[in-house]
2 protein chains.
Amino acid sequence: MTLSEENYLKAIYHISDTCEGGISTNAIAEKMNTKASSVTDMIKKLSEKGLVNYKRYKGSELTAEGKLIATNIIRKHRLWEVFLVEKLNFTWDEVHDVAEQLEHIKSEKLIDQLDEFLGFPKRDPHGDPIPDKDGNVSDNADVLLVTLDKNEKGIIVGVKDSSSSFLKYLDKQGIALGKKIKVIDKEPFDNSMKIRIKKEEFMISQQIANNICIKK
Amino acid sequence: MTLSEENYLKAIYHISDTCEGGISTNAIAEKMNTKASSVTDMIKKLSEKGLVNYKRYKGSELTAEGKLIATNIIRKHRLWEVFLVEKLNFTWDEVHDVAEQLEHIKSEKLIDQLDEFLGFPKRDPHGDPIPDKDGNVSDNADVLLVTLDKNEKGIIVGVKDSSSSFLKYLDKQGIALGKKIKVIDKEPFDNSMKIRIKKEEFMISQQIANNICIKK
DNA sequence: CTCTTTTTTTAGACAAGACTAAAAATTAAA
DNA sequence: TTTAATTTTTAGTCTTGTCTAAAAAAAGAG
């Protein structure tokens, strides 16, 4: 696996998350910041290796093997993000570029031990789930509110913090299980967000958004 | 800096440690497991970038800038080795290949924070000194006995462990400050070594060798 | 000091991964 | 359904880092 091959698999995996069926060459090119012709070349190579299913003009799809490799890279990426934030005092917006490099380090022992060292975390600092070794990703339907981007919406299905003070706060704001929620705006600086619940719009801090589980 | 460029600088730095003057193209080729012609090409490139001084047929030498880059990579390598051994339960013979990858991760913050997280270690698990950010390497003349390879020799200049039981052991074996010592053989499996002091040959364990300081 | 051996460099080629420009297939529109 | 627009692929080129084979320089031997 070259670095480039790994990045293609990861890109296809991520696009597959939001789109159904075969992934278009153009979509991959956009994600990878490259040209469609380059994508075609690489897809052919990955296809020959049995990592994607590809038919000319019909788009691409990861095979089981390709998907396993992709989730493994994502697993590594997210574990490193946890490490950077929890152990090395990175803020959650600083981690991405470094994790993007670290995710390509090849050593099974390294990642297993890192996982243990971090206490087998379930989510990365952005609230995204960390896949297990076999590529199982804990139901992606449930995510933390904090991971939603501007204009995304979902339904409140749980909270992480269940202290009474937190729950009282939710009550006061009219935040309750089963309510529909939409992100109106998101402030990149501190990840506070303006949300709407039942025509009512208000601001909440990252800390709050970090503790609310959403089904997309 | 590409990965390959970094590896060349590192190789030249390491060869310079044992040899004086300009480093021969062949020596670099051997260290890099490549051919002399490839080395010539790369050296030219590094020379144009001002990282090595190079004259046709006369060998190469790192410039101050090249040396700084090399020591920085070595700094990263050795810090990661400490991390792997101290935090992730690697044994000291397992760390090299992984550190070889990690040393190329680019992030100043990462390495600064790692250094702090590890408590600003002075040596890696093999006893080699960790360069500081400015490329200063603490006097390389003193190393741990355990770092010597087969056939290397030196003079005993200190011990790390000064418990009485350890010192008694040394006494009994005739190991004392100022004695000349030569490594006759080294067992890769457990890093135990056969050493010679004054015509007397005997075996010592890695644990012992780890606590004896040598001036080469 | 000349001839041989070794070392180093040049010249030309190749694989990976990217790009541009042009051709082919698919999709959309009239 | 026949043309127009878009998407995808092919063909050919470029760069990086490597290689082999051959030429050039330096070092060693007689």
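Throughout, a chain's letter reflects where its sequence line sits, starting with A, and its residues are numbered from 1. In this text, all values refer to a predicted model and were calculated from it rather than measured experimentally. No hydrogens, no waters, no symmetry mates; every other heavy atom, side chains included, goes into these values.
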Looking only at side-chain N and O atoms, does [X] come under 4.0 Å of OP1 or OP2 in [N]?
X	N	result
B:Thr25	C:dT9	yes
A:Thr34	C:dC19	yes
B:Lys35	D:dA21	no
B:Tyr54	C:dT9	yes
B:Ser4	D:dT16	no
B:Asn26	C:dT6	no

If I take atom [atom1] in residue [X] and atom [atom2] in nucleotide [N], what distance separates them, rounded to the nearest angstrom?
X	N	atom1	atom2	value
A:Met32	C:dA16	CE	C1'	14 Å
A:Tyr8	C:dA16	OH	P	14 Å
B:Ile28	C:dT9	CD1	C1'	14 Å
B:Glu5	D:dT18	CD	P	10 Å
A:Asp41	C:dA15	CG	C1'	13 Å
B:Leu3	D:dT15	CG	C1'	17 Å
B:Met42	D:dT18	CE	C1'	10 Å
A:Ile43	D:dT10	CD1	C1'	16 Å

Report all interatomic pairs (protein N or O, nucleotide N or O of nucleotides 24-28 of chain C) with separations under 3.5 Å.
residue	atom	partner	partner atom	Å
C:dA25	O4'	A:Tyr57	OH	3.4

Does [X] reach the main-chain N or O of [Y] with its side chain, forming a donor-acceptor pair under 3.5 Å?
X	Y	answer
B:Thr63	B:Gly50	yes
B:Lys76	B:Glu103	yes
B:Arg78	B:Pro129	yes

- Message: On the side chain of B:Ser37, is there an atom forming a donor-acceptor pair with the base of D:dT20 - under 3.5 Å, no angle test?
- Response: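 Under the 3.5 Å cut-off, the side chain and the base do form a donor-acceptor pair.
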
- Item | Proximal nucleotide (of C:dA18, D:dT10, C:dT10) relative to the A:Thr40 side chain |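 Looking only at heavy atoms from C-beta outward on A:Thr40, the closest nucleotide is D:dT10.
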
- Candidates C:dC19, D:dT8, D:dT18 - which lies nearest the side chain of A:Ser24: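 The answer is D:dT8, which lies nearest to the side chain.
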
- Message: Under 3.5 Å, is there a donor on one side chain and an acceptor on the other for B:Ser192 and B:Asp190?
- Response: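 Present: a donor and an acceptor within the cut-off.
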
- Query: Is the closest side-chain heavy-atom distance between B:Met193 and B:Leu145 below 4.5 Å?
  - Reply: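 Of all side-chain heavy-atom pairs linking B:Leu145 with B:Met193, at least one is under 4.5 Å.
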
- Task: Describe, in one word, how the ring planes of A:Phe83 and B:Trp80 are oriented to each other, choosing from parallel (under 30°), tilted (30 to 60°) and perpendicular (over 60°).
- Result: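 Tilted: the ring planes of A:Phe83 and B:Trp80 meet at 30° to 60°.
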
- Message: Checking B:His104 against B:Asn7 for the side chain to side chain donor-acceptor pair (under 3.5 Å) test, could you report, in this order, the C-alpha distance in whole Å, the side-chain angles of both residues, the deciding distance, and whether it holds?
- Response: CA-CA 9 Å; B:His104 298 290; B:Asn7 283 331; 3.1 Å; yes

